[in-house]
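So the structure is just underneath, and the comments pick up after that.
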Amino acid sequence: MIVVRRLLTGLVVLWAAATAAYLALLAAPGSTVDSIIGDGADTPLIRAQIIQEWGLDRPAVVQYLDYLWRAAQGDLGRSYLLQRPVREVIADQIGPTLTLAVAAALLGALLALTLAVTTRRPWARRVSSTFELVVVSTPPFLIGIVLLSIFSFSLGWFPVSGGQGFASLVLPAVTLALPVAGVLTQVLRDGIDRAMDEPFVVTARARGLGERAVLVRHALRHALLPAVTLTGWLFGILLGGAVIIETVFGRPGLGQVTLQAVNSADMPVVLAVVVFSAFVYVVINTLADLSYLLIDPRLRPAPATPTGA
Amino acid sequence: MTDSRVHPRTPTPDPQALPASLNGKHVPLTAADETRDAGPDARTLLVSVRELHVTFPHRRGDVHAVRGINLDIHQGECVAIVGESGSGKSVTARTLVGLAGSNAQVRSSRFEIDGRPGPFDWRTLRGGFAGLVLQDALVSLDPLRTIGAEIAEVLRVHRIGGREQRVRALLESVHVPDPDRRARQHPHQLSGGLRQRALIASALAAGPPLLIADEPTTALDVTVQSQILDLLAERHAAGETLLLISHDLAVVSRLADRVLVMRNGHIVESGPTATLLSAPTHSYTQQLLAAVPSAASRGRRLSHQPTASSTTAPNQPAPSTTPNPVPPQSSTTPNSTPRSSTAQTRAPQSSTGVRAGQAPSTSDSDQLPSGVVIEATGLRKGYGAHIVVDDVNLTVRRGEIVGLVGESGSGKTTVAQLLFGLTPPTSGSVAFEGAPWTGLTERRRRPRRRRLQLISQDPLSAFDPRWTVGRIIAEALPASIVDQDTRRRRGRSDAVQTLLERVGLGADLLDRYPRQLSGGQRQRVAIARALAPRPSLIICDEPVSALDVSVQAQVLDLLADIRDTDGTALLFISHDLGVIHHLADRVLVMRDGVVVEQGPVDDVFHNPQHEYTRALIDAVPALEVSR
Amino acid sequence: MALALDRPLSVRLRRPSGAGVFAAAGFLALALVAAVLPGLLAGDPLAADPLHVLEGPSAAHWFGTDQLGRDVLDRVVHGARHSLLIGVVATLIAVTAGLLLGLLAGLTHKYADEALSRSFDALSAFPLLLLALLFVAVAGPGTVGLVVAIGIATMPHYARVVRSQTFVVRQAHYVTQAVAFGHSRTRLVLRHVLPNVLGPIPVLAVIGLGEAILAAAGLSFLGMGPQPPSPEWGAMLSEGRGYLSVAWWTTVLPGVVVTLLVISLTVVGRHLQRRFEGRHP
Amino acid sequence: MRRRSLLIAAVATVLVAGCSGGGGTDSAAAGEPVSGGSLTWAVETEPITLNPHQYAQAKARLLVWNNFEALLTHDDKGGYVPWLASGYEVSPDGLTYTVKLRTGVTFSDGTPFDAAAVKANVDQLRADGYAPQVAAVQLKNLKSVDVVDPATVKYTLTSPDVLILDFLSSPQGAVVSPKSLKEAANLKAGGPDLAGTGPFILDRYTPGQELHYKRNPSYRDRAAYLDEVTYRFLKESSVRVGALTSGQVQVIEGVPATDQAQITGNSALTLSKGLNSGSAYSYYFNVTHAPFDDIRVRQAFRDALDVDTVLNGVYRGTATRAWSVIGPTSPLYDKTLEGTYGNNPARANATLDAAGWTQRDADGFRVKNGKRLTVRLVQSAPFVRDRRDILAQAVQAAVKQSAGIDLHVSVVDQGTATAALEQGEYEVFDNSRADTDAGAALNLLLSSSGAINRLGISDVGVDKLLANGQASGDPAARAEIYRSLQQKVVAEDSLIQPLYAPADQIAASKKVGGLAFEPTAGVPASAYNLWLSK
């Protein structure tokens, strides 16, 4: 039930996002024809041909409805710039971005869990907090640039280039994972702190449970709840960060496609990225809601009210 | 080897840590203590503590929670520590399992557990030597885990095999029906009673000789409380040693062999339960006993201190702004004899409670021949198919105190909301001061709003946190009293000060924020605010259930005074039969949204007609010592 | 079940140390001076010197010189105005819009609230950077597009906080209580709801300012911000990147200043947050 | 006027591959050519399209010629030599070009190369919506294409146009298998499903990452040395250089000035540079409105600018200064322009004073009638390369300091840039074109009907010179025509501020042999002649 409801609202969000993006691009300066022409030769004849080819003489509403109708069928149109179906453009680039995002998310989560659990002593907590503050406050591209200079240019441990092989994934993934880890650690630690103040922790200790066991078996699970609420934010960081990280590290991916599309006003691609991003957002948030249910039994739809005397 | 976090800070028999005068020397503190020690007790001494001090370092001065107490617990005994909040009773109990807190500094001249001095392997002792039961199982059991897992955890920690069968056996032993199914459920899926039983089962799982129960029944309804007390009694009878921590003398009287009364970190009095309750020697114990509202206390003052009803300025001690565990000084002073103050008795009210001619204001109800302030007919409230309140008829007359009693979920708070007009009834109607009240738009109700006031259980949330006491009360004053000029002075008007004086508070509180007040002061401010618009009826929704018994006594006295002097009617909602019996003229007993019985309070409580009322009355742990 | 999407601004954190807060406040004061009176601290940020191009940090040029021989420190100091202004205006837009929409959602009927909440969701479905890119596509690169983009992208956060806070306050006992004194709805909202909703906003805004500055730097880095030769920090970083192998200072030093500013804002913000929480429940 | 007719026998197969000779680099270290091996080459730009007909990026040229070939190609003196053709003949009236084709050539998909295939390509180019820019510019004067026999194609023009030869040697003129023209899934995007006749076959395209070519085993001449060559797209110059120095790639192109020291300082690497053909990177002054409608302001702008110092600062001595709108390597270049103008701040200030820009405002800029002497340069972000944005800032600083001129630079998205240009919201337009025949570039830039005539001029004299240049088949006569043209627009009218000659750089490991630049075009050559020493 919850999932169905989530998916329905998700569809609404999807539609709103697509429409907003469409309207925004409609309002963009310069006509579509200008975008298609780029810096090439520009004569009325060429313009007429382009208008005819892309059906740009139709009213905006018709173009919008046509776009929606085709988008609903999974046809995101053709790129003005790349002359290929947008779906293909996106499909080609999604792999590297997904790899990067997943690697960064996993690495970030792992780092955060480790830090939050191990830095319970005051001095360790202080060191870790400073680290978190710094990585969260540093522009991600600066982290990337510094890592690149040190580990690639100077030490030569990792390849400088591109999106091939595991080694080339390390630095970008670390760069993207650091801010994620910084925030997640703070949230997890805060959650653990709160949980450790709860009476059930006293009860658990009173059973003879060791401190580490209390932390891992009881407090951590409670701390995961606020962390799960961050998935929406995490998604933004990962997708947004990908644009920057891919630029810094010269990686292929959706970020590069987006940047190129925005720069050249390649409307079909921009729209597709927006719709795709909204889609991922909806999916991720639905998953987050489900994981709530998994973590917290109190949120599960109750088959029965409290029973017994 | 052990819990690194707690252990090093518990340097138990460390001679250096103690003042030289105490070093190695046992200095008995009280006569009671002496008696106990001299007691011919061949039973094993499970716990023996001397000169126990527990201090919590704090930026604004250390908090000295436990100040040199002595405690012995013998095998098979049930020892109770009684005290009000902040007396140090819980800290004492938790210190025995090394759980006073990570920053607690524990000192003592002797600290022996199971006949051995420290250092202790706390993790083995916890659960193995002593099981701990806390107040509310909903939060004391990990809400994310099944109760089966929680119980099994103890078994795993203490390396006890055959867990599944043992979990079932344990649940059975605490009388949880259908244990296999329950073991797979989470705390929130269980009723309060079952949860508490599961919590006790987990504390007992590793078979500890000592069970420490810290307020084990406080969050429970009275009938459930009775069952849990029975369960504890059963365990005690089976040979379990109990250390019971409670604020409630009545609860203690049912179980304990021996009682220690704690106050401000000291044990002020101790002795066998019967002796201590029947012949308390310390004034504080006497006050505590006197403050318990009950049928017996009906018609007399509970607090030893006269509430300044309108004239005398009170000597309210300065409120403590330091955080707990040291509570604000209670209003008692050690040398005052409780008997002399409680001697002021009130004439018992007639059941109607009308006192003609004493009304300070003229109200519509004065002209009403019946004197009916509010009348609800056929009130019914449902959310979908779920009926919360069903066909409730209720009348409150001028100057009358009507009690509404029921357990949680009985619908009593919904009744309050319906009467107050926060939510419209599904059917039925309310007439207030002879005119329709429900069915009106809020705009039309607004001019009459002031005649009906509300006091809730948690006054802190009932105050705008950004407002001072003066402003809070001034807001409630009618515009005629507070003109624009005085309002600008943020409620420093005479009217506000007069109100504060009436509830026994000084003008020094005018600039305080609600957070800076003690619980009792807050409730007094709430009462002052409710009085400000000169209402004909105040709905009091559990106004004293969050208060310590001595503070509760003062607030109850204050409410009684208000009725007496102003003729204000009160609808008093409570789960506490003692409080209702003490205060109310008439009572309505609610269960599952239905009023099962009503009538004059003595009639209902002494001669209950409905079986639920009987069950309720039977369940109340009475002080089992006559006074 | 509510979709809690609040960004980590709302995390309660340990109190920063006194010295840290002091240093952070000092740095913020310095940044403020730089933003208001940059001439007091630095020379002409546009003075090119083709003979001294890409020279490392020295006594004459503490932060070295850039590809046109301009003093990097001068540019960093003058950049404070751009970056702070962008951050402040964007945050103001976000807070104002978030406050109004959040209050509207929190106070109106179910359906309006649902519609507003879904639109916040729809906005959140764009990662900040993507939304900003979209806005830049519309408004063109430059300060205005950047500011509006960041403002709108961060708005849902404030709107959600305000909305949920409005719900909390609306249902608080003291509002119920105030009904009993016969006050009008407007008066309740103005006297009780609004002030209590507003409470945490300034602190969130201080921390949010750091986020906005970071976002602006990121967008400028991608070439979407103020145009050269404006000494905007993100743009400086972006320009300097091409010279990373020969002149690290043109990138790293301005980057460190951005980081310090964001850290200072966070530290001061958290300090205020703690103070605020200490005062009110 | 008598037309020469040429019939050049197909000889010199190595030459024909279009990749030899000109601008050859120091391959001595790599020894004699050896066959085999696989090479990775990091390139700056991922082509927007892999269809040669849609070619629009000079940086894609080195990729195109791996798997496609045109009928003609350039020699290193700007002339034409046959490639897929075996020779060509021009009718005396200059209206008919008869091209003889090589026989026995097949496309990599097995389709035979013949006259019908050539015609099919031209027909495709003129199809609606396929390549409007080619149809409208390069094939402007083409009347029809006829198959004379399987080995002969005849191009008939509406008016004489020597630039048709430039088309026949350009990527747009490359011959694609007619079969793939019909069957390709994404014809305009190109890719592995477009077959050509070149020495390599594109067998894998990973967008955003790389292009992979394998040797064409049935190439008609000497097979390529390399078994396979991979072009990896690395946008960031620092990343490219890092990839080369760390040995991940063997060749890179596009080495910015600041990174060149790293290459030259490394004994295992070589660096070579080729000047591009076409027009020089220049600022074109918009004369349609103030202030550049006044020739004195245009002269003052050039006098205010010390191009050498600016180039030195930005490119650290690696840039070649341009003195004319035509690049210095072109046979049409007018060398006499060198040193005739510029870098005279005193004269610039005097000229501006004379032109009425006598006052200065608070920021030190000149003012006339309350209006600041502001000229706007709008750059489109996606097309900014060679740090031209930085160069603009340097120019900006220079003209401000020496003459109080406010050069206002904005880097905007493509749509905004186009809109600004459409509405005349600019005073300076910057551009360089990599056409192999500079005349083609000037047609677009200077003709009153030119598609990118951003000067806004409509000068009968200029148009006439351009028309004559396009119609003239005699190299010497052509050179003279374009010399007059350059004198007119650069020297007399001060319409243009030439800045530098765009160049390409190749840095490579010394193990790589055969690196070269394409003759005339001056861009890196294809991989045909490359080898990797063992």
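In what follows, every heavy atom counts, from backbone to side chain, and hydrogens, waters and symmetry copies are set aside. In what follows, chains carry the letters A, B, and so on, assigned in the order in which the sequence lines appear, proteins first and then strands, with residues in each chain numbered from 1.
Only the side chain of V157(B) comes within less than 4.5 Å of a heavy atom in chain A; its backbone stays farther off. Of the atoms belonging to E150(B), heavy atoms from both backbone and side chain fall under 4.5 Å from chain A. Heavy-atom distances place the backbone of A130(B), and not its side chain, under 4.5 Å from chain A. Contact of L125(B) with chain A is not made at all, since no heavy-atom distance falls under 4.5 Å. Contact of L134(B) with chain A is made through the side chain alone, with heavy-atom distances under 4.5 Å.
Of the residues considered (V139(B), L132(B), I212(B)), V139(B) shows the highest number of contacts with chain A, using heavy-atom pairs under 4.5 Å. Heavy-atom pairs under 4.5 Å with chain A peak, among V154(B), T124(B), V133(B), D142(B), at D142(B).
Within a 6.0 Å sphere centred on CD of E164(B), other residues, nucleotides and ligands contribute 12 heavy atoms or fewer. Other residues, nucleotides and ligands contribute over 12 non-hydrogen atoms within 6.0 Å of the CZ atom of R614(B). Within 6.0 Å of the CZ atom in F131(A), the count of heavy atoms belonging to other residues, nucleotides or ligands exceeds 12.
For E153(B) and H218(A), the side-chain atoms include at least one donor-acceptor pair closer than 3.5 Å. Side-chain contact annotation: Q135(B) with S140(B), donor-acceptor N/O pair under 3.5 Å absent.
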Salt bridge (Lys or Arg N to Asp or Glu O under 4.0 Å) assessment of D230(B) paired with R235(B): CA-CA 9 Å; D230(B) 286 345; R235(B) 301 306 306 183; over 6 Å; no
